[in-house]
Amino acid sequence: MPSEFDLIRRYFTRPTRHTLLGVGDDAALLRPTPGMELAVSTDMLVAGKHFFPGDDPRKLGHKALAVNLSDMAAMGATPRWVTLSLALPDADEDWLKGFAEGFFEIAQTYSVDLIGGDTTCGPLNLCVQIMGEVPAGMALRRSGAKPDDEIWVSGHLGDAALALAHLQRRIELAPEAVAACLPALHTPVPRVALGEALVGIAHSAIDISDGLLADLSHILEASGVAAEVRFPALPASIFLVARLHEEAARTCLLAGGDDYELCFTAPPSRHEEVMAISRELTLPLTAIGMIRSGTGLRLLDAAGQEMKTGAMGFDHFA
Ligand code: ADP
Ligand code: MG
C-alpha cells in the first residue's frame, strides 16, 4: 500500500509557474501581484450528489477544477492558485492517475498552480479552493446591476441539464444528441476569458450553476432590481429548440443547472463592446432581457405577454 505521502508526491506534485513554495511544506507561499485583489472561492463535489461514483476520473478531475474556474470567471478574476482536498475510499491508483491527468490538463490550460491540499480516507469527495487576481475595485459582483442594463448570457443553455435528464431517464435523447450534450455535463468550459474581458464593462455577473432563473435571481436580489427576460431570445441548445413545447425541456433551459455559462448585465451603451468581445472570443453572447426597477423576474413570450412559470416548477423565483 502506498502511503498518503507517496500518493501526493506521485500524483499531485508538479512544477509551479508563479508560486514561491508549493506542495510539500506545512503551507504554500504566494506573492500576490501588487495592485490586485485576491478572489477566493471553494466548490466541493460529493459522490452521489454532484456526480456518479463510477464516473470517469479524468472527467471528474476536469470538472472539479472547471467549476471553480467558473467562479473566477464570474468575478472577472484571473485564476492563479488552487488547493485540492480529497477524501478517497481507497488508494485506487488507476483512479488517481486518471483524476490527476484530467485535473492538470485543465490547470495547465488556464495556467493555474496546484499549491497544496489534503488527502484523507473517506467517502469520495473532491474539494477545490481557488484563488485568482482582479484589479483592485474592479471585480464583477452580483450586486452591481442597474435598471435599464441589458441582461446577457454566454454560449447555449440546457445541454448539461438535458444530458443529466437523459442519464436519469427523465428524457429520451437520440444517440447523437447524447454524444453532443454529455461534454457540457462532464467537461464544462469555464468562461475565464469572457470574465476578464467584461471587467470595466459589465455591472454585475454570475455563473450559471443552478439554472438561469435561479442564478439571475441572485443578481436581482443582491442588486435590489427586477428583470424582464424574453423567452424567445434565450439561446437554447439546438437539441432543446425542437422540444420547447415539452415542460421537461423548458425546465432544462430555464432551471437546468451545470451550464457554467456567464449571466451578466451591462448598460446598453456598452452593447457594441460586448458584441466585439463575442467575436473576439468566438463565443455567442445573447441579450435576453432588461433590468428594471422593482423586484421579481418576469418571463415574457413573443407577444410581450407574461408567461406562467408555475407549471414549470419555478414560480418561487417570481
Ligand atoms: P500536514 O501534515 O501539514 O497537514 P499533509 O500531510 O496533509 O500536511 O500534506 C503534506 C503536503 O502535501 C502539504 O503541502 C499539502 O498541502 C500537500 N497535499 C496534501 N494533499 C494534497 C493534494 N490532494 N493535492 C495537492 N497537495 C496536497
Ligand atoms: Mg494536512
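Order of appearance sets the numbers: ligands from 1, and atoms from 1 within every ligand.
Using cut-offs of 30° and 60° on the angle between ring planes, the pair Phe264 and Trp152 is parallel.
Residue Thr119 has at least one heavy-atom neighbour below 4.0 Å for each of these atoms of ligand 1: 19 (C), 20 (N), 21 (C), 22 (C), 23 (N). Within the listing of ligand 1, atoms 13 (C), 14 (O) sit less than 4.0 angstrom from a heavy atom of Asp25. Those atoms of ligand 1 with a heavy atom of Asp26 less than 4.0 angstrom away are 3 (O).
With distances taken over non-hydrogen atoms, the option nearest atom 22 (C) of ligand 1 out of Leu86, Thr120, Leu84 is Leu84. Between atom 7 (O) of ligand 1 and the options Thr83, Ile8, Asp118, Ile115, the minimum heavy-atom separation is to Asp118. Closest heavy-atom approach to atom 26 (N) of ligand 1 within the set Cys127, Ala28, Gly116: this belongs to Gly116.
Judged by distance alone, the side chain of His50 and the main-chain N or O of Val46 form a donor-acceptor pair under 3.5 Å.
For the salt bridge (charged side-chain N to carboxylate O under 4.0 Å, His left out) test, no residue two or more places apart in sequence or in another chain qualifies with Arg17.
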Inset, instruction - Could you please spell out the steps behind the side-chain contact (heavy atoms from CB on, under 4.5 Å) verdict for Glu273 and Ile201? - result: CA-CA 8 Å; Glu273 283 164 276; Ile201 293 178; 4.0 Å; yes
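A salt bridge does not link Lys97 to Asp92: none of the charged side-chain nitrogens sits closer than 4.0 Å to a carboxylate oxygen.
When Ile130, Val128, Val67 are each tested for a side-chain contact (heavy atoms from CB on, under 4.5 Å) with Ser41, only one passes: Ile130.
Residue contacts with ligand 1 include Phe5, since one or more of its heavy atoms lies under 4.0 Å from the ligand.
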